[in-house]
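What you see is a predicted model; the values in this text were computed from it and never measured. Naming: A, B, ... by sequence-line order, numbering from 1 per chain.
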2 protein chains.
Amino acid sequence: MNYKEFENCSVNLFFRIFSGKWKPLILHHFFYTGDERFIELWRKMPKISKKVLLEQLKEMENDGIVVRKQVNTFPPEVYYGLSETGKSLEQLLLHIESWMENYQLQRTTELDPMKEKQK
Amino acid sequence: MNYKEFENCSVNLFFRIFSGKWKPLILHHFFYTGDERFIELWRKMPKISKKVLLEQLKEMENDGIVVRKQVNTFPPEVYYGLSETGKSLEQLLLHIESWMENYQLQRTTELDPMKEKQK
DNA sequence: CAGTATCCCGCGTGATACTG
DNA sequence: CAGTATCACGCGGGATACTG
């Protein structure tokens, strides 16, 4: 790889798109609950400020992962959910989860006190 | 999911482990070139300072992804490479790459000027 | 040559109040 | 209720010089 190209390399871009602090949680939520009204989404994530939640949603919207649907004019009623592209993430996220499961299993046995005693 | 548990949820942890600015590049390098001496690795990444490269390596070492091997005492001669756990990442990284390829393809057609004109 | 010590800066994240 | 405006802060990342 040419290192000038690195900034645009796909894996790097992947992390740039998805590594917002709350994005994995938001995606997880959409996969399990489906589309949701903004206020509901926000209520279910008590530790995140509205501003930040909106930012994360807007970023993913700009990246084509999330879709925003405005229903009424007043009072505002906005729903967020996954785009088709967003939905296509499911297998990949499951892959990540299963890799991590293995990883954490290995780590706990590596750091197992029983093994430490053998030293 | 309980949101107290979120900080330790697997996908989130995954991003915490791998989203250092240079980690994807370092991993990519190890997959293509194998183990490498520190100075060589550093020379091939001109835009990164030694301090930061060392930090990223040490973090991944602590996370069990990277292995550090010291050969001589003086002058120091240190090699870095992938652990078995690190090597087990290959399929997942390929999955990410292929998903991203698709993603970027979709994006470019979505934003294609030809389609814009149809509006 | 590998690694550390300092100092520095910008950005992602956060709290809070405000607007339409 | 959805979204914006301010202000603030910690931390990841960076430049540079130094040490063993």
Practice task
Would you please say whether a donor-acceptor pair under 3.5 Å links the side chains of A:Ser10 and B:Glu97?
Solution key: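 Looking only at side-chain atoms, B:Glu97 and A:Ser10 do not form any donor-acceptor pair under 3.5 Å.
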Does [X] place a side-chain N or O at less than 4.0 Å from the phosphate oxygens OP1/OP2 of [N]?
X       : N      : value
B:Arg68 : C:dA2  : no
A:Tyr80 : D:dC1  : no
A:Tyr79 : D:dC1  : no
B:Trp22 : D:dG12 : no

Practice task
Give B:Ile39 one of three labels, base, sugar-phosphate or nothing, depending on what nucleic acid heavy atoms sit under 4.0 Å from its own.
Solution key: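 The answer is sugar-phosphate, as B:Ile39 gets under 4.0 Å only of primed atoms, P, OP1 or OP2.
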Practice task
Tell me what A:Gln56 touches on the nucleic acid: a base, only sugar-phosphate, or nothing, going by heavy atoms under 4.0 Å.
Solution key: sugar-phosphate
Exercise for the section: Answer whether the closest heavy-atom distance between the side chains of B:Arg37 and B:Glu77 falls below 4.5 Å. Expected result: yes
Handout entry: Flag side-chain contact, heavy atom, 4.5 Å: B:Val67 against B:Glu61
Key =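 Heavy-atom side-chain distance check fails, nothing below 4.5 Å.
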Handout entry: B:Lys47 side, atom NZ; B:Trp22 side, atom CH2 - distance, nearest 0.5 Å
Key =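 Nearest 0.5 Å value for the NZ-CH2 distance: 5.5 Å.
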Please state how far atom [atom1] in [X] lies from atom [atom2] in [N], giving the value in whole angstrom units.
X       : N      : atom1 : atom2 : answer
B:Trp42 : D:dG14 : CH2   : P     : 13 Å
B:Lys47 : D:dG14 : NZ    : C1'   : 13 Å
A:Phe15 : C:dG12 : CZ    : P     : 17 Å
A:Leu54 : D:dC1  : CG    : C1'   : 11 Å
A:Arg16 : C:dG12 : CZ    : P     : 11 Å
B:Leu53 : D:dG12 : CG    : P     : 17 Å
B:Lys23 : D:dG13 : NZ    : C1'   : 12 Å
B:Glu61 : C:dA2  : CD    : C1'   : 13 Å

Handout entry: For C:dT13, the Watson-Crick or wobble counterpart (both distances under 3.5 Å)
Key =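 D:dA8 is the nucleotide pairing with C:dT13.
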Practice task
Hunt down the Watson-Crick or G-U wobble partner of D:dG20, both distances under 3.5 Å, from any strand shown, or write none.
Solution key: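 Partner of D:dG20: C:dC1.
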Exercise for the section: Quick one: sort the A:Phe18 and B:Phe15 rings into parallel, tilted or perpendicular, breaks at 30° and 60°. Expected result: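 Correct class here is tilted.
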Exercise for the section: Classify the ring geometry between A:Trp99 and A:Tyr103 as parallel (under 30°), tilted (30 to 60°) or perpendicular (over 60°). Expected result: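 It falls in the parallel class, under 30°.
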Can you tell which of [options] lies closest to the side chain of [X]?
X       : options               : value
A:Ile48 : D:dG20, C:dG14, C:dT4 : C:dG14
A:Lys21 : C:dA15, C:dT13, D:dC1 : C:dT13
B:Val52 : D:dG13, C:dG20, C:dG3 : D:dG13
B:Ser49 : D:dC1, D:dG14, D:dG3  : D:dG14

Problem - Position toward the 5' end of DNA chain D (nearest nucleotide), A:Lys58 or B:Lys50 - result: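 Result of the comparison: A:Lys58.
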Handout entry: Distance-only donor-acceptor test (3.5 Å): side chain A:Lys51, base D:dG3
Key =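 Absent.
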